There are 2 protein chains.
Amino acid sequence: MRFIDNPYQCPVTRTMSIIGGKWKPIIINCLGDKSLRFGKLNQLMPAISNKVLSNELKELEALTLIERTEFQELPPRVEYKLTTAGQSLLPLMHEVAKWGNSHLAKQLENQLH
Amino acid sequence: MRFIDNPYQCPVTRTMSIIGGKWKPIIINCLGDKSLRFGKLNQLMPAISNKVLSNELKELEALTLIERTEFQELPPRVEYKLTTAGQSLLPLMHEVAKWGNSHLAKQLENQLH
DNA sequence: CGGAATCCAGCGGGATACTG
DNA sequence: CAGTATCCCGCTGGATTCCG
């Protein structure tokens, strides 16, 4: 029996165990090709606390999906951007977004009937 | 300012607010084109408790992504399958799986160097 | 068999204050 | 500015039991 909730056996479960969770896909999609500062990310996502954002960023960094660059300035400046591996997720995020849009469109359409 | 953590403004967030969470993508992918019984689903996913599985199935049903069919037999039999809307997620799940596989392949490759 | 009900521990995560 | 530290609440979700 292949257990589909086993990341070693199921590729969907594997992916979700990497980028699952409430915030990771949003952060990845938000970064895109850009390099963003911590404060800017926090501003774009007002619903996330700085503690959680900090944790998510650390995890994404540990997964080598994003790269953290600390500039030795005052006041401090830190920028986050996707690594090559992280960028490989962008097409997937695009598909996710596409589904979200078409699903919404269908819902609105159904409301008219 | 467009807030990317707002499902009304960001399609990625919108999708994740629908099929996000630990189990929904796995269940959807697991169902595929098949019709599966509660017990079979629980068997395929030993790590999920029946309570949580039951909840997830209810939520997916409320989202009209899956359809529940109850057969009036003894012992009882209930089958779950994707609706048309749910099936529209399968290509996305396929992409998710593809990324999971290629990501794993790259990791293994890097270990050789 | 397919759940619902109950109990309960763990921890995710919010709010706030503080620091280099 | 970019976090860390602390406190603490709420809810997720596990284990178990019971029911039609």
Side-chain angles (χ1 to χ4, degrees), chain A residues 1 3-7 13 16-28 30-31 34-63 65-82, chain B residues 1 3-7 13 16-28 30-31 34-63 65-82:
Chain A
M1 163 92 66
F3 295 123
I4 63 169
D5 63 351
N6 182 333
T13 302
M16 298 316 287
S17 71
I18 297 172
I19 58 158
K22 190 170 176 181
W23 296 106
K24 291 191 181 61
I26 304 178
I27 293 173
I28 289 166
C30 174
L31 281 174
K34 298 182 295 294
S35 192
L36 293 178
R37 304 180 62 166
F38 184 90
K40 182 67 175 178
L41 281 167
N42 213 158
Q43 206 175 69
L44 289 166
M45 297 180 277
I48 194 176
S49 69
N50 56 355
K51 187 176 81 171
V52 175
L53 177 55
S54 176
N55 278 339
E56 297 286 305
L57 290 172
K58 272 183 198 165
E59 289 180 26
L60 286 171
E61 196 190 355
L63 292 163
L65 292 177
I66 67 172
E67 193 184 316
R68 196 187 104 109
T69 310
E70 194 172 341
F71 297 86
Q72 298 299 337
E73 306 176 357
L74 255 162
R77 180 161 64 104
V78 176
E79 296 204 337
Y80 295 92
K81 66 165 196 263
L82 295 179
Chain B
M1 164 91 65
F3 295 123
I4 62 169
D5 63 351
N6 182 333
T13 301
M16 298 317 286
S17 71
I18 297 172
I19 57 159
K22 191 171 178 181
W23 296 107
K24 291 192 181 61
I26 303 178
I27 294 173
I28 290 167
C30 175
L31 282 175
K34 299 181 294 293
S35 191
L36 293 177
R37 304 178 62 163
F38 185 90
K40 182 67 175 175
L41 280 166
N42 213 158
Q43 206 177 69
L44 288 166
M45 296 179 278
I48 194 174
S49 68
N50 60 349
K51 188 175 83 173
V52 174
L53 177 55
S54 176
N55 278 339
E56 297 286 306
L57 290 172
K58 272 185 199 163
E59 289 180 25
L60 286 171
E61 195 189 355
L63 292 164
L65 292 178
I66 68 172
E67 194 183 316
R68 197 188 104 108
T69 310
E70 195 172 338
F71 297 86
Q72 298 299 338
E73 306 176 358
L74 254 162
R77 181 161 62 104
V78 177
E79 297 203 339
Y80 295 92
K81 66 166 197 257
L82 294 179

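Keep in mind the model is a prediction, meaning the values are calculated, not measured. Per chain, numbering begins at 1; letters A, B, ... match sequence-line order.
Side-chain N or O atoms of B:Asn42 include one that pairs as donor or acceptor with a backbone N or O of B:Ile48 at under 3.5 Å.
Contact check, B:Ser54 against C:dG2: no side-chain N or O comes under 4.0 Å of OP1 or OP2. Between A:Lys22 and C:dG13 there is no side-chain N or O to OP1 or OP2 distance below 4.0 Å. Look at B:Arg68 and you'll find a side-chain N or O under 4.0 angstrom from OP1 or OP2 of C:dG3. The side chain of B:Arg37 places an N or O atom within less than 4.0 Å of a non-bridging phosphate oxygen (OP1 or OP2) of C:dG2.
Taking all atoms of both residues into account, the shortest heavy-atom contact from B:Leu36 to B:Cys30 is CD1-SG, 3.9 Å. Of all heavy-atom pairs spanning B:Met45 and B:Leu53, the tightest one is CE-CD1, 4.1 Å.
Between A:Ser35 and A:Glu79, the side chains place a donor N or O and an acceptor N or O closer than 3.5 Å (distance only, hydrogens not considered).
B:Asn50 places its CG atom 10 Å from the P atom of D:dA15, with the value rounded to the nearest Å. Taking atom CG of residue B:Leu53 and atom C1' of nucleotide C:dG3, one finds them 10 Å apart after rounding to whole Å. Note: CG (B:Asn55) to P (C:dA4) measures 8 Å, nearest angstrom. The distance from atom CE of A:Met45 to atom P of C:dG13 is 14 Å, rounded to the nearest whole Å. Whole-Å rounding puts the B:Trp23 CH2 to D:dG13 P distance at 9 Å. Residue B:Glu59 contributes atom CD, which lies 13 Å from atom C1' of D:dC11 at whole-angstrom precision.
Note on A:Lys58: only backbone sugar-phosphate atoms sit closer than 4.0 angstrom, heavy atoms only; bases stay farther off. Across all strands, A:Tyr80 comes closer than 4.0 Å only to sugar-phosphate atoms, never to a base (heavy-atom distances).
When distances are taken from the side chain of B:Pro76 to each of C:dG2, D:dA2, D:dG14, the shortest belongs to C:dG2.
A salt bridge is absent between B:Lys58 and B:Glu56; no separation between the charged side-chain nitrogens and carboxylate oxygens falls under 4.0 Å.
Judged by distance alone with a 3.5 Å cut-off, no donor-acceptor contact links the side chain of B:Lys51 to the base of C:dG3.
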